[in-house]
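Single-structure report; data block below.
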Amino acid sequence: MPELPEVETVVRGLRGPLIGRRITNMWHDWARTIHSPGAAEFAARIAGQSITAVDRRGKYILIKLEHDALVVHLKMSGRLYVADAESTNEADRWVHVRFDLDNGQQLRFSDMRKFGRVYLTNDLANLLGHLGPEPLSVDFTLAGFRAGMHGRKRAIKAQLLDQEFVAGVGNIYADEALFRAGIHPAAAAGTLSDEESARLRGTIRDALQSGIEHEGASINWYRKPDGQKGESQNHFTVYGRTGLPCLQCGTAISKIRVAQRGTHFCPLCQPART
DNA sequence: CGGACAACCTGGCGGC
DNA sequence: TGCCGCCAGGTTGTCC
């Protein structure tokens, strides 16, 4: 589910309720959700630590503690929210990890499909070292963007989904960025002209920024920490618009398979390479 | 290097 | 209504 804009929205919503709180206890009912360390050490180590900051790196949520960081990846269906200990809501039936806070509230990790993972580490660099630049930061340079694609034969969409190349882009915003740039998703990455590369780098940032401004996309399970839906899905230009008229030229939007992912594009505005 | 595919999981939807 | 297959915002590992 969540790509960079959704994760960013979650992080922004959690700062207020979490910063300054102390974690007193941990509960879980699905061992695989706890990536590392093992559940016993995890619980013993996190108890008593206060939360100092809540940040994001790519699609990872980083909850900074006094001596460690609690890292959460939502994968496809994860939700992270704070609630009063006695209160309940619709996502609770899929809660698999829960942290008690020192003010009577709880940080709950709900995950219907159970792909999500939590980590506790004092070595963030080791956990996140494989990630490429943050697309909205100054680290996302045009020179690096071009260099990463140079000589690559794989589809540009597969390239954009590679978290080592750029961190945080997923299936939705890859389609959105390629549509806005007028580039066919199956085009070999290394064949982009300098001008196309510059344009695409810009539309990646635009598409992600738009997603953040609309507080993420709620197609199915994604919700902001306050339980409300995001609005980004109402502003998609191509994702999920199969068969509908292209917003630029009116041609029916096509759906194909690229990098084993459903891929939406306009056959006229994003012509195939010959 | 990279493509194809299976795993990991559950639920919603369309078709019959 | 029931059953079946397919699809879904992600990542990792294996095989060729």
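Order of the sequence lines sets the chain letters (A, B, ...), proteins ahead of strands, with each chain counted from 1. Basis for what follows: all heavy atoms, side chains included, without hydrogens, waters or symmetry-related copies.
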Students often get this wrong, so: under 4.0 angstrom with heavy atoms, is [X] touching a base, only sugar-phosphate, or nothing?
X        : answer
A:Arg32  : sugar-phosphate
A:Tyr239 : sugar-phosphate
A:Gly116 : nothing

Check whether the ring centres of A:Tyr81 and A:Phe109 lie less than 6.0 Å apart, and answer yes or no.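 No; A:Phe109 has its ring centre 6.0 Å or more from that of A:Tyr81.
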What about A:Phe265 and A:Phe179, are their ring centers closer than 6.0 Å?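 So the answer is no for these two rings.
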Starting from [atom2] on [N], measure out to [atom1] on [X] and report it in whole angstrom.
X        : N      : atom1 : atom2 : value
A:Gln260 : C:dG10 : CD    : P     : 14 Å
A:Leu161 : B:dG3  : CG    : P     : 12 Å
A:Asn171 : C:dA8  : CG    : C1'   : 9 Å
A:Trp94  : C:dA8  : CH2   : P     : 20 Å
A:Glu90  : B:dG11 : CD    : C1'   : 14 Å
A:Arg79  : B:dG11 : CZ    : C1'   : 13 Å
A:Arg113 : C:dG10 : CZ    : C1'   : 9 Å
A:Lys114 : B:dC9  : NZ    : P     : 7 Å

Can you identify which nucleotide, out of B:dG2, B:dG11, C:dG10, has its nearest atom closest to the A:His73 side chain?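 Looking only at side-chain atoms, A:His73 lies closest to C:dG10.
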Which nucleotide wins on minimum distance to the side chain of A:Trp30, given the candidates B:dG2, B:dC9, C:dG10?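 Of the options given, the side chain of A:Trp30 lies nearest B:dC9.
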Does [X] have a side-chain nitrogen or oxygen under 4.0 Å from the phosphate oxygens OP1 or OP2 of [N]?
X        : N      : value
A:Arg261 : C:dG10 : yes
A:Lys75  : B:dA7  : no
A:Lys153 : B:dC1  : no

Carboxylate-amine/guanidinium contact A:Asp111 A:Lys75, below 4.0 Å: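 No salt bridge links A:Asp111 with A:Lys75.
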Salt-bridge test for A:Asp55 and A:Arg15: reply yes if a basic N is under 4.0 Å from a carboxylate O, no otherwise.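 Salt bridge: yes.
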Sort out the partner of C:dG10 for me: Watson-Crick or G-U wobble, both distances under 3.5 Å, none otherwise.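 Answer to the pairing question: B:dC8, which forms a Watson-Crick or G-U pair with C:dG10.
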Nearest-Å distance once atom [atom1] is located in both [N] and [M]:
N      : M      : atom1 : value
C:dC3  : B:dC9  : P     : 24 Å
C:dT11 : B:dG11 : P     : 22 Å
B:dC1  : C:dG10 : C1'   : 22 Å

Is A:Phe115 stacked on the base of B:dC8, with ring centres under 5.5 Å apart and planes under 30° apart?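 Aromatic stack with B:dC8 present for A:Phe115.
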A quick test of your reading: do over 12 heavy atoms of other residues, nucleotides or ligands sit less than 6.0 Å from NE2 of A:His235?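 Count over threshold, so yes.
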Mind running side chain to side chain contact (heavy atoms under 4.5 Å, CB included) on A:Tyr239 and A:Asn171 for me, showing each step along the way? CA-CA 9 Å; A:Tyr239 183 87; A:Asn171 202 41; 4.0 Å; yes
